[in-house]
Amino acid sequence: MPNVSFHDLSQLDAAGRAALMRRSETDLSSFIEKAAPIIEAVRTEGDAALVRFARDLDKADLDTARLKVSPAEFDAAFGMMDEDVVAAIRFGIDNIRHFHEEQKPEAMWLKEMRPGAYAGDRFTPIRSVALYVPRGKGAFPSVTMMTAVPAVVAGVPELAILTPPAPDGSVDAATLVAARLAGVETIYKCGGAQAVAAVAYGTETIRPALKIVGPGSPWVVAAKRLLAGVIDPGLPAGPSEAIILADDSVHGGLAALDLLIEAEHGPDSSAYLVTHSRRVAEEALAALPEHWARMTEQRVAFSTAVLTGACGGIVLTASIEESYRFINDYAPEHLEILSTDPFAHLGHITEAAEILMGPHTPVSIGNFGLGPNAVLPTSRWARTCGPLSVTDFVKRSSIGYVTAAAYPEFARHARTLARYEGFSSHERAVSDVRDRYLVR
């Protein structure tokens, strides 16, 4: 059995504990350095650079005429899919749509702040958004569902999906099915840093967008950082990360089963089982070989790299309270609470982007269509932001309206503060000068 990383928190000093907080994307300097010339090439060469990078980086047979998915490719995709896969996509999209429709804010609200004076908010869709769907370590129609559905619910008029092409220049059929069922029919065969650059600047084929959302590799994250002044990079969603919190009411084999869910995404994932029960920890260690024996070779390799490396394994704490502290400090993308009484723990968790509770709610169900969005902030950004939502696809405008009857009181207080802050035009705009114009 591989030597799974085992961390007894009570035996670690401050440096050792800090090391457990690191993610694979913490230091992006090497990716930023390499992404910069890719971005510049796309900016100056457009489609020609995209085709070249598709060939050199994605090993894909592609030309400029095939950068955009054709209607015929969409149609053919449905014929390639087993009906049960299409049914699962429809099921997920239905739940995701219902959830995000409930989440959608009112188009406008106004409240009377004082008699005759009203203030509120108006929400309008962002004009154009690009949705990034990764493919480097597999096909992810679920990401298409999670990004496209809330964007469509929000009413974004210009939506486009970017996803890396396969070696033959195709796009994963399930991704095409999910996109069409969600309501998006513009897909570009483009991935990595070059995809972010393409929608930031636009090319002969790809229309520029105001914002890009969706998870991606360190290359994508690096490009988003470099282009943050050109395009809104959306929430920081990098390589997968998860914590499985298990108390002593569950079997460690179940904890091990769920620990592998996010660990199998790739060697750059992060995954920890956190427990104060040595029995659970030992049962999990004992169960891992059996679980690995029933996984595909590629996923075994990915998850083994994670669980034996610096960003994964088992963390044994001295108490459930110490488990809470570790989780809140880590601020995971996914948190699963494995307990027969998960609500007893929920109130102690304040820093997690997604919290899935109980032995019947594994991360798999959250990822594939329970309803809440599974595009989540990584690298401790859960401390300040939450999952992708409808509100990521709309912008908010403040609305104010003061009637003639309410104006004098507001003007008086505004004059006082304007005078104090030294703004003469502010003061004059609510003085008798205005009154002379208003009586006409």
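Atoms considered below: every heavy atom in the structure, side chains included; atoms not considered: hydrogens, waters and symmetry mates. Quick note: residue numbers are just sequence positions, from 1.
The aromatic rings of Tyr324 and His348 sit parallel to each other, their planes meeting at less than 30°, with 60° as the upper class boundary. Ring geometry, Tyr272 versus Tyr330: the interplanar angle exceeds 60°, so the pair is classed perpendicular (tilted spans 30 to 60°).
Side-chain contact, Ser142 with Asn367: no donor N or O sits under 3.5 Å from an acceptor N or O. Between the side chains of Asp247 and His276, no donor-acceptor pair is found at a separation under 3.5 Å. No donor-acceptor contact under 3.5 angstrom links the side chains of Ser319 and Glu322, judged on distance only. At a cut-off of 3.5 Å, with distance as the only test, no side-chain donor of Thr205 or Thr203 sits close to an acceptor on the other residue. Side-chain polar atoms of Ser323 and Thr317 form a donor-acceptor pair below 3.5 angstrom. Side-chain contact check for Lys189 and Thr163: no donor-acceptor pair (N or O, by modelled atom type) lies under 3.5 Å. Between the side chains of Asp341 and Ser339, no donor N or O sits under 3.5 Å from an acceptor N or O. Defined by atom type and a distance below 3.5 Å, a donor-acceptor pair is missing between the side-chain atoms of Glu158 and Ser128.
Nearest heavy-atom pair across Val280 and Val250 is CG2-O, 3.6 Å. Considering every non-hydrogen atom in both Gly253 and His251, the closest pair reads N-ND1, 2.8 Å. What you find for Pro164 and Val133 is that their closest heavy atoms are CD-O, 3.4 Å. Here the closest non-hydrogen pair linking Glu204 and Asp47 is OE1-N, 2.8 Å. Counting all heavy atoms, side chain and backbone alike, Leu273 lies closest to Ala255 at CD1-CB, 3.7 Å.
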Output, in order, the C-alpha distance, side-chain angles, deciding distance and verdict of side chain to side chain donor-acceptor pair (under 3.5 Å) for Glu264 and Ser303.
-> CA-CA 4 Å; Glu264 74 170 350; Ser303 58; over 6 Å; no
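Judged by the 6.0 Å and 45° rule, Arg207 forms no cation-pi pair with Tyr188.
Counting heavy-atom neighbours within 6.0 Å of Asp13 CG, excluding the residue itself, gives a total above 12. Few gaps surround CZ on Arg66; more than 12 heavy atoms of other groups in view lie less than 6.0 Å from it. Heavy-atom neighbours of Tyr401 OH from other residues, nucleotides or ligands within 6.0 Å: at or below the threshold of 12.
Remark: Asp8 engages Arg278 in a salt bridge, criterion side-chain N to carboxylate O under 4.0 Å. A salt bridge does not link Arg279 to Glu282: none of the charged side-chain nitrogens sits closer than 4.0 Å to a carboxylate oxygen.
The only member of Asn373, Ile93, Leu376 that meets side-chain contact (heavy atoms from CB on, under 4.5 Å) when paired with Met146 is Asn373.
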